[in-house]
Amino acid sequence: VLSVAWLIPQGVSAQSNPIFEADPFAKAPNIDVTWRRTLNEPPVWSYHSRELGAVNLWHTPAGRPALLVGTSSGELFRLNATTVETNWVTQLEGSIDGQPVVDDGVIFIGTNLGQFYALDTGDGSVEWSYEVDSPINTTAAVGDNTVYIADSGDVLRALNRKNGSVRWRYERQKPTSFTILGGGVPLVTDDLVLCGFADGRLVALNSESGNAEWMVDLSGDAREFFD
């Protein structure tokens, strides 16, 4: 049985830290179990899809919990989080590796074939799609009627949330040495979009224009393998 417990040596105050202060080779003190909780309790329910990918838990406008489950075979499921009943399933092109994002009744998700989709949460129908020439393996970000997506080719794009048209794009030169397949996850904060790139740079872009406001080199002394 997998469990976690809080242990306090006899005669030692819980405020002290005897484990790190004591000689690691000294005789261990007598231990009392203060509390214990089992971590592998029987699940309330389980669901088996084909080649599970990304999962997101969200709430419908009526407040009901729902699950969005993506698979590496390109299926996106919407499930009732209480009964695990399948509300709908939509087949997309490519593997779904990034977590689906829900914003105002629309799901945003990319695939490893460079397809990016906006789908209706009600029935799973595709409202619009946009194609890039590199895999989209990370999660998108949404802010101010704009969707920000980063692909494994080190390109960050800002798309119109309503129709998928491109507002701006920012690209960095990808290192010629070995890099890990993937991409940075955009973060929207105030009027900036932050994203990391394979050359070790963290860049803050103006959310309206896409111009770089500042940049930090996090690669240190590395000359290769910046990821």
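Keep in mind the model is a prediction, meaning the values are calculated, not measured.
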K.L.:
Kindly indicate whether the side chain of W168, heavy atoms from C-beta on, has any atom under 4.5 Å from the side chain of N211.
P.N.:
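Answer no - side chains too far apart.
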K.L.:
If Ile, Leu, Val, Met, Phe, Trp and Tyr residues are connected whenever their side-chain heavy atoms lie under 4.5 Å apart, and connections chain through other members, are V126 and V147 in the same group?
P.N.:
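Each belongs to a different hydrophobic cluster.
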K.L.:
Is there a path of hydrophobic side-chain contacts, each under 4.5 Å between heavy atoms of I, L, V, M, F, W or Y residues, that connects Y148 with V203?
P.N.:
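Both belong to a single hydrophobic cluster.
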K.L.:
Taking T83 for its side chain and E85 for its backbone only, find out whether a donor-acceptor pair lies under 3.5 Å.
P.N.:
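Flag set: sc T83 to bb E85 pair under 3.5 Å.
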K.L.:
Working to the nearest 0.5 angstrom, can you tell me the gap between R167 CZ and S207 OG?
P.N.:
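The distance works out to 10.0 Å.
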K.L.:
Short question: side chain of D154, backbone of A198 - any donor-acceptor pair under 3.5 Å?
P.N.:
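Flag set: sc D154 to bb A198 pair under 3.5 Å.
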K.L.:
For Q91, is the CD atom crowded, meaning more than 12 foreign heavy atoms sit under 6.0 Å from it?
P.N.:
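Yes.
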K.L.:
Measure from the side-chain N and O atoms of T111 to the backbone N and O of E93, and report whether any donor-acceptor pair falls under 3.5 Å.
P.N.:
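Yes, because the side chain of T111 sits within donor-acceptor range (under 3.5 Å) of the backbone of E93.
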K.L.:
Using a distance-only test with no angle check, is there a side-chain donor-acceptor pair under 3.5 angstrom linking D97 and S95?
P.N.:
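Present: a donor and an acceptor within the cut-off.
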K.L.:
Can you find a heavy atom in the side chain of I109 that is under 4.5 Å from one in the side chain of I96?
P.N.:
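I109 reaches I96 side chain to side chain.
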K.L.:
Flag the pair T90 / Y117 as yes when at least one side-chain heavy-atom distance between them is below 4.5 Å, and no otherwise.
P.N.:
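No - every pair of side-chain heavy atoms lies 4.5 Å or more apart.
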K.L.:
In Å and rounded to the nearest 0.5 Å, what is the CH2 to CZ distance from W214 to R201?
P.N.:
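Answer rounded to 0.5 Å: 14.0 Å.
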K.L.:
Can you tell me which residue among R157, R172, R169 is in a salt bridge (Lys or Arg N to Asp or Glu O under 4.0 Å) with D151?
P.N.:
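Considering R157, R172, R169, a salt bridge (Lys or Arg N to Asp or Glu O under 4.0 Å) with D151 is found only for R157.
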K.L.:
Do the side chain of S129 and the main chain of F116 share a donor and acceptor less than 3.5 angstrom apart?
P.N.:
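Not a single qualifying donor-acceptor pair exists.
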K.L.:
Mind checking whether S134 and V155 have side chains closer than 4.5 Å, heavy atoms only?
P.N.:
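Sidechains of V155 and S134: no contact.
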K.L.:
If two hydrophobic side chains count as joined below 4.5 Å and joins carry through other members, does V193 share a cluster with V166?
P.N.:
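In one cluster: no.
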K.L.:
Taking only residues two or more places apart in sequence or in another chain, which ones pass salt bridge (charged side-chain N to carboxylate O under 4.0 Å, His left out) with R64?
P.N.:
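Once residues adjacent in sequence are excluded, R64 has no partner under the salt bridge (charged side-chain N to carboxylate O under 4.0 Å, His left out) criterion.
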K.L.:
Verify the neighbour count for atom CG of D144: are there more than 12 heavy atoms of other residues, nucleotides or ligands below 6.0 Å?
P.N.:
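Check fails, neighbour count at 12 or below.
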K.L.:
Mind checking whether L192 and E213 have side chains closer than 4.5 Å, heavy atoms only?
P.N.:
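Heavy-atom side-chain distance check passes, below 4.5 Å.
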K.L.:
Atom OH of Y170 and atom SG of C195: how far apart are they, to the nearest 0.5 Å?
P.N.:
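Output value for this atom pair is 10.0 Å.
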K.L.:
Decide whether L218 and L194 are clustered together by the hydrophobic rule: side chain heavy atoms of Ile, Leu, Val, Met, Phe, Trp, Tyr closer than 4.5 Å, transitively.
P.N.:
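Result: yes, single cluster for both.
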K.L.:
Taking all non-hydrogen atoms of both residues, which atom of L156 and which atom of P186 are closest, and how far apart?
P.N.:
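Scanning both residues, the minimum pair turns out to be CD1-CG, 3.7 Å.
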K.L.:
So T71 and F77, do their side chains get closer than 4.5 Å, heavy atoms only?
P.N.:
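In short, these two side chains touch, coming nearer than 4.5 Å.
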K.L.:
What about I149 and L92, same hydrophobic cluster or not, with Ile/Leu/Val/Met/Phe/Trp/Tyr joined at side-chain heavy-atom distances under 4.5 Å?
P.N.:
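No: no chain of side-chain contacts under 4.5 Å links I149 to L92.
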K.L.:
Could you check if a side-chain atom of L119 sits within less than 4.5 angstrom of a side-chain atom of L76, using non-hydrogen atoms only?
P.N.:
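The answer is yes; the side chains approach within 4.5 Å.
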K.L.:
With a 3.5 Å cut-off and sequence neighbours excluded, list the donor-acceptor pairs that the side chains of residues 98-108 form with protein atoms.
P.N.:
{"unit_1": "Q99", "atom_1": "NE2", "unit_2": "V55", "atom_2": "O", "d": "2.9"}
{"unit_1": "D103", "atom_1": "OD2", "unit_2": "R161", "atom_2": "NE", "d": "2.8"}
{"unit_1": "D103", "atom_1": "OD2", "unit_2": "R161", "atom_2": "NH2", "d": "3.4"}

K.L.:
For residues P65 and L57, report the shortest heavy-atom separation together with the two atoms involved.
P.N.:
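In this case the closest contact between P65 and L57 is CB-CD1, 4.2 Å.
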K.L.:
Taking all non-hydrogen atoms of both residues into account, name the closest pair between T82 and N80 and its distance.
P.N.:
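Scanning both residues completely, I find the closest heavy atoms to be N-OD1, 2.7 Å.
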K.L.:
How close do A81 and L67 get, heavy atom to heavy atom, and via which atoms?
P.N.:
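Minimum heavy-atom separation between A81 and L67: CB-CG, 4.1 Å.
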K.L.:
For T121 and R78, which I'm curious about, is there any donor-acceptor pair between the side chains at under 3.5 Å?
P.N.:
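Side chains of T121 and R78: no pair found under 3.5 Å.
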K.L.:
I'd like to check V188 versus V142 (side-chain heavy atoms, cut-off strictly below 4.5 Å). Are they in contact?
P.N.:
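Heavy-atom side-chain distance check fails, nothing below 4.5 Å.
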K.L.:
Rounded to the nearest 0.5 Å, how far apart are CD1 of I136 and CD of Q115?
P.N.:
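CD of Q115 is found 8.0 Å from CD1 of I136.
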K.L.:
Checking W58 side chain against L68 main chain: does a donor-acceptor pair fall under 3.5 Å?
P.N.:
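Checking the backbone N and O of L68 against the side chain of W58, no donor-acceptor pair under 3.5 Å is found.
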